[in-house]
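Notes for the one structure printed next.
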Amino acid sequence: MLRTRFAPSPTGDLHVGGARSALFCWALARGAGADGRMLLRIEDTDQKRSSAAAGLGFLEDLAWLGIDWDEGPESGSSGGGETGPYFQSERLDLYATCMQSLTDAGHAYLAFETPEELTAARAAARAAKVPYKYDRAALDLDPATVQAWLDEGRPHVIRFKVPDDAPVVVHDAVLGEVTVEPGELEDFVIRKADGWPTYHFAVVVDDHAMGVTHVVRGQEHLANTPKHVLLQEALGYERPVYAHVSLIFNPDGSKMSKRDKDKALRSAVRERSIESPPAVCGIDDGQWATWLGDKAVQLPAESAAALANALQVELPEINVADFREGGYLPEVVLNYLALLGWSPGNDIEQFDTAFFIEHFGLDRIVKSPAKFDRAKLKAFNLDAIQAMSPGTWLERLRAFAQVHEPTFLDAMTPEQFAVFAEANRERSKTLRDPFDSGRFFVLPDHAITWADSKPVRKALCKGEPSGYDLLAAVIEPLRAVETWSTGSIESCVEAFAQANCDGNLGKIAQPLRVAVSGGPVSPPIFDTLDILGSDAVLARIERCLANPIASAPT
RNA sequence: GACCCCAUCGUCUAGUCAGGUCAGGACGCCAGGUUUUCAUCCUGGAAACAGGGGUUCGAAUCCCCUUGGGGUCGCCA
């Protein structure tokens with residue numbers, strides 16, 4: 001039996017690093033077939049931070065990626081299981097029992113120092129430039145004093161008495177042997193003053209109680225592992241196999257963090273010396289000042305998005321949800337994530353889930369950290385889109401629009417949307433691209449403007465005859481087209497080009513493109529005109545002619 | 001600062017464990033070409049074993065040091 005678990009704390013969306021840990025856990029379990037089980041456990045032992053189910057957004061993210069679990073919170077067809085409950089907040093009795101056996105055996109003891117005292121001691125150690133370690137003062141308390149303090153209800157924690165007579169050796173499936181010398185570890189807290197277990201204690205008790213055989217997690221936990229191993233020995237548990245996967249970084253080498261969005265916004269705000277919050281953010285001056293002054297403070301997601309929009313700042317994608325909204329395909333994100341820190345050992349880079357599950361193994365996980373390369377992800381996404389049948393592309397684009405861009409479905413007939421989808425199929429790197437670049441399709445005719453830019457000027461003003469001249473001349477032939485379709489438009493414009501542009505289609509295509517879209521970029525011109533419809537095309541050309549850029553009011 | 005981890009093209013990596021092909025692939029980049037715009041597409045190209053010592057007939061590969069990067073050091077997880 002092989003049992004893995006993904007154990008996030010309920011603090012919101014799934015981060016790409018967490019997603020990859022979950023993915024590796026899942027692939028390991030699925031690769032074992034009927035003998036493999038994937039568990040999901042919610043680590044909500046921080047009463048201050050986890051409130052209710054506020055932060056369970058990652059369940060949706062996991063489902064989107066196609067990662068399911070055999071045991072854990074019920075969601076969709078996942079969940080259930082015999083070793084629950086799977087919320088640590090519902091397992092307090094178990095922790096209490098195990099805690100008691102640990103103290104009874106003399107492996108743990110009560111300590112009464114206040115957080116303030118400990119903070120002061122750490123500060124003093126830092127000032128004196130000596131490494132801080134808890135001094136075990138509470139170990140010398142006589143039983144009578146302890147009892148007296150307990151009777152008066154003095155707050156206390158329980159610390160684990162770390163054996164300091166032998167080195168701790170962890171055998172990691174990725175990193176090999178990691179040794180920590182005796183005396184390096186302090187007597188860490190295993191029960192907080194509020195009676196709840198700390199992470200270290202709960203994780204060890206639960207992994208054992210749930211029969212977890214393989215622990216796959218981020219390398220930020222490597223330094224914690226000796227503590228867990230010691231706890232397992234004291235409790236008489238077997239050790240699971242550990243596999244610590246390296247961290248994922250931003251292209252600039254910094255750690256990919258949930259706070260990166262706020263970081264990008266803050267620097268944009270500073271750069272432009274913006275004093276007060278733009279109204280669209282919906283936050284007051286006080287919140288604004290707090291946010292600007294404290295790196296640890298995050299703006300609510302909606303405010304952040306509004307601010308980014310107002311400032312024209314592109315927020316970095318760091319959560320799985322960001323990639324979903326960005327129009328990446330879940331199977332591609334999964335493929336890319338799998339490749340970030342693992343490889344099948346040959347030149348194969350693009351593969352499906354079945355291939356990944358079949359070939360995945362702990363022994364081929366890369367030790368060194370990886371930078372997240374959005375360009376490569378995008379290239380993979382493009383390849384996947386190009387490999388789709390036109391019908392599949394249409395359906396997926398429609399499904400994306402339903403959730404993220406309903407305006408397009410409202411503004412177009414199913415037939416128009418089908419042409420729109422097909423016209424964008426070979427030029428889209430994401431499901432989002434057609435909507436971003438095709439915004440002009442759903443704007444009212446009077447909202448199209450012609451900003452004075454180099455490509456626009458070139459299309460409209462340059463040449464003899466100029467684009468404006470050609471546009472004026474092409475209106476009548478276009479008006480005469482009887483059945484508006486890609487084909488009829490094409491014959492009309494081709495004929496016009498033969499007669500007026502020396503047969504050079506580009507001479508009329510680009511002015512038309514600029515006239516109807518306001519810019520130099522659109523899908524192939526005949527498709528563009530077809531989707532827009534005759535009325536809009538004629539109206540936009542006329543407006544374009546009536547508002548020449550040289551004299552356009554600014 | 002202490003402890004721990006890591007180190008091949010700009011990036012992700014194969015090759016390392018069982019030393020022996022001009023160090024392979026992909027993304028990106030550059031140069032051409034196709035194309036009614038953007039994008040796509042096609043062809044070609046530049047591009048790496050962090051540095052220094054060992055061991056060896058032979059080192060990207062084994063050992064040591066240096067340098068660089070990262071993680072941890074909470075009554076957070």
Side-chain angles (χ1 to χ4, degrees), chain A residues 7-11 43-46 48-50 88 111 113-115 118-119 122 125-126 129-133 155-159 170 172 174-176 178-181 184-186 188-200 202-203 218-226 244 246-247 249 251 253-255 336 339-350 363 366-380 382 385-386 424-429 433 437 455 459 493 497 504-510 512-514 517 519-526 528:
Chain A
S9 58
T11 50
E43 311 233 318
D44 55 350
T45 53
D46 186 353
K48 294 184 209 78
R49 273 206 266 177
S50 18
Q88 290 188 323
E113 289 83 358
T114 64
L118 293 170
T119 305
R122 285 189 195 102
R126 179 177 288 263
K129 298 201 170 181
V130 293
Y132 172 79
K133 200 172 130 189
H156 61 278
V157 300
I158 296 180
R159 284 181 185 268
V170 177
D172 189 275
V174 175
L175 300 170
V178 179
T179 305
V180 174
E181 294 306 319
E184 286 295 334
L185 264 33
E186 70 167 358
F188 55 94
V189 173
I190 54 179
R191 194 180 78 172
K192 311 178 214 176
D194 64 7
W196 289 49
T198 61
Y199 162 72
H200 302 301
V203 81
Q219 235 180 71
E220 70 266 25
H221 288 296
L222 181 61
N224 290 327
T225 309
H244 288 94
S246 64
L247 273 14
F249 294 109
S254 62
K255 188 185 171 187
Y336 182 74
L339 213 54
L340 209 56
W342 176 84
S343 100
N346 48 37
D347 288 343
I348 297 174
E349 288 203 307
Q350 299 194 8
D363 55 329
V366 176
K367 295 178 181 181
S368 45
K371 291 178 186 169
F372 196 95
D373 183 359
R374 290 181 181 84
K376 186 156 179 171
L377 204 215
K378 204 166 262 206
F380 277 28
L382 171 79
I385 286 174
Q386 292 189 336
N424 277 292
R425 191 162 62 86
E426 286 189 345
R427 54 196 291 281
S428 299
K429 294 190 176 184
D433 282 351
S437 67
V493 177
N504 188 340
L505 191 60
K507 288 217 167 104
I508 180 62
Q510 196 60 0
L512 275 172
R513 189 186 321 278
V514 170
S517 75
V521 176
S522 89
I525 191 62
F526 306 125
T528 300

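Note that the structure is a prediction, hence the values are computed from the model and not measured. Every chain is numbered from 1 and lettered A, B, ... according to where its sequence line falls, protein lines coming before strand lines.
- Phosphate proximity of B/C6 to A/Ser246: absent, as no side-chain N or O sits under 4.0 Å from OP1 or OP2.
- The C1' atoms of B/A18 and B/G28 are separated by 36 Å, rounded to the nearest whole Å.
- Comparing the C1' positions of B/A23 and B/G15 gives an interatomic distance of 7 Å, to the nearest angstrom.
- Formation of a donor-acceptor pair under 3.5 Å by the A/Asn424 side chain with backbone atoms of A/Asp433 is not found in this model.
- At B/C5, none of the side-chain N or O atoms of A/Lys367 fall inside 4.0 Å of OP1 or OP2 (strictly under the cut-off).
- Counting only heavy atoms from C-beta on, A/Ala379 has its side chain closest to B/C27 among B/U37, B/C75, B/C27.
- A/Ile190 places its CD1 atom 14 Å from the P atom of B/C76, with the value rounded to the nearest Å.
- Rounded to whole Å, atom C1' of B/U36 lies 15 Å from atom CD of A/Glu426.
- The distance between atom CG of A/Leu340 and atom C1' of B/C12, rounded to the nearest whole Å, is 7 Å.
- Closest to the side chain of A/Asp373, from the set B/U36, B/U11, B/A77, is B/U11.
- Under a 3.5 Å cut-off, the side chain of A/Ser428 and the backbone N or O of A/Arg425 do not form any donor-acceptor pair.
- Note: NZ (A/Lys376) to C1' (B/G28) measures 10 Å, nearest angstrom.
- At the heavy-atom level, A/Thr114 lies under 4.0 Å from base atoms of the strands shown.
- Atoms CG (A/Asn346) and P (B/U13) sit 15 Å apart, rounded to a whole Å.
- Atom C1' of B/A2 sits at a distance of 33 Å from the matching atom of B/C12, rounded to the whole Å.
- When heavy atoms are screened at a 4.0 angstrom cut-off, A/Gly519 is found touching no nucleic acid atom at all.
- Taking atom CG of A/Leu185 as the reference point, atom C1' of B/C73 lies 10 Å away to the nearest angstrom.
- Of the candidate nucleotides B/A7, B/U36, B/C41, B/A7 has the atom lying nearest to any side-chain atom of A/Ser368.
- Among the protein residues, A/Glu113 comes within range of the nucleic acid bases, having at least one heavy atom under 4.0 Å from a base atom.
- Note on A/Lys192: a side-chain N or O is less than 4.0 Å away from OP1 or OP2 of B/C76.
- Rounding to the nearest 0.5 angstrom, the gap separating the CG atom in A/Leu382 from the CD atom in A/Glu426 is 9.5 Å.
- With B/U36, B/C75, B/C27 as the choices, the nucleotide that has an atom nearest any side-chain atom of A/Arg513 turns out to be B/U36.
- When the P atom is used for both B/A59 and B/A50, the distance is 15 Å, rounded to whole Å.
- Residue contacts for A/Pro524: at a heavy-atom cut-off of 4.0 Å it reaches a base atom on one of the strands shown.
- Side-chain proximity of A/Pro520 to the nucleotides B/A77, B/U37, B/C12 is greatest for B/U37.
- B/G74 atom P lies 11 Å from atom CG of A/Asn224, rounded to whole Å.
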> Going through the checks in order, is the side-chain contact (heavy atoms from CB on, under 4.5 Å) test met by A/Val203 and A/His221?
Replying inline: CA-CA 12 Å; A/Val203 81; A/His221 288 296; over 6 Å; no

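- Base pairing annotation: B/A47 forms no Watson-Crick or G-U wobble pair, as no partner gives both donor-acceptor distances under 3.5 Å.
- Counting only heavy atoms from C-beta on, A/Val178 has its side chain closest to B/C4 among B/U72, B/U13, B/C4.
- At a threshold of 4.0 angstrom between heavy atoms, the contacts of A/Leu382 are confined to the sugar-phosphate backbone, with no base atom among them.
- Comparing atom distances between the A/Phe526 side chain and each of B/U36, B/A2, B/U11 picks out B/U36 as nearest.
- Nucleic acid contact for A/Ala223: sugar-phosphate only, since backbone atoms but no base atoms lie under 4.0 Å from a heavy atom of the residue.
- At distances below 3.5 Å, at least one donor-acceptor pair connects side-chain atoms of A/Arg513 with backbone N or O atoms of A/Pro523.
- Among the nucleotides B/C27, B/G74, B/C4, the one closest to the side chain of A/Arg122 is B/G74.
- A donor-acceptor pair under 3.5 Å links the side-chain atoms of A/Tyr336 to the main chain of A/Asp373, judged by distance alone.
- The residue among A/Ala193 and A/Val521 whose nearest nucleotide of RNA chain B is located toward the 5' end is A/Val521.
- Here A/Leu175 lies in heavy-atom contact (under 4.0 Å) with sugar-phosphate atoms only.
- Side-chain proximity of A/Leu222 to the nucleotides B/C5, B/U13, B/U36 is greatest for B/C5.
- Remark: the backbone N or O of A/Thr45 is paired with a side-chain donor or acceptor of A/Lys192 at under 3.5 angstrom.
- Rounded to whole Å, the P atom of B/C65 lies 12 Å from the corresponding atom of B/C5.
- In this structure, A/Lys371 does not reach the B/C12 phosphate: none of its side-chain N or O atoms is under 4.0 Å from OP1 or OP2.
- When Watson-Crick and G-U wobble pairs are counted only if both distances are under 3.5 Å, B/G1 pairs with B/C73.
- Not a single donor-acceptor contact under 3.5 angstrom links the side-chain atoms of A/Gln219 to the base of B/G71.
- No side-chain donor-acceptor contact under 3.5 Å links A/Ser522 and A/Ser517.
- Counting only distance, with no hydrogens or angles, the side chain of A/Glu43 and the backbone of A/Gln88 share no donor-acceptor pair below 3.5 Å.
- Separating the P atom of B/C9 from that of B/C49 is a span of 7 Å, rounded to the nearest Å.
- A distance of 10.0 Å separates CD in A/Gln219 from NZ in A/Lys367, rounded to the nearest 0.5 Å.
- Proximity note for A/Gln386 (side chain, C-beta onward) versus B/C5, B/C41, B/U37: the nearest is B/C41.
- Counting non-hydrogen atoms under 4.0 angstrom, A/His221 reaches a base of the nucleic acid.
- In this structure, the CG atom of A/Asp347 is 11 Å from the P atom of B/A14, given to the nearest Å.
- The partner of B/G10 is B/C27, by the rule that a Watson-Crick or G-U pair needs both atom distances under 3.5 Å.
- Residue contacts shown for A/Pro523 include a base, since a base heavy atom lies under 4.0 Å away.
- With C1' as the reference atom, B/A47 and B/C30 are 11 Å apart, rounded to whole Å.
- Spacing of C1' atoms, B/A14 relative to B/U56, comes out at 25 Å, to the nearest Å.
- No contact: A/Phe188 has no heavy atom under 4.0 Å from any strand.
- OP1 or OP2 of B/A77 lies within a sub-4.0 Å distance of a side-chain N or O belonging to A/Thr45.
- Within the 4.0 Å cut-off from OP1 or OP2 of B/C73, not a single side-chain nitrogen or oxygen of A/Lys133 is found.
- Comparing A/Gly506 and A/Lys429 by the nucleotide of RNA chain B whose heavy atom lies nearest to each, the residue mapping closer to the 5' end is A/Gly506.
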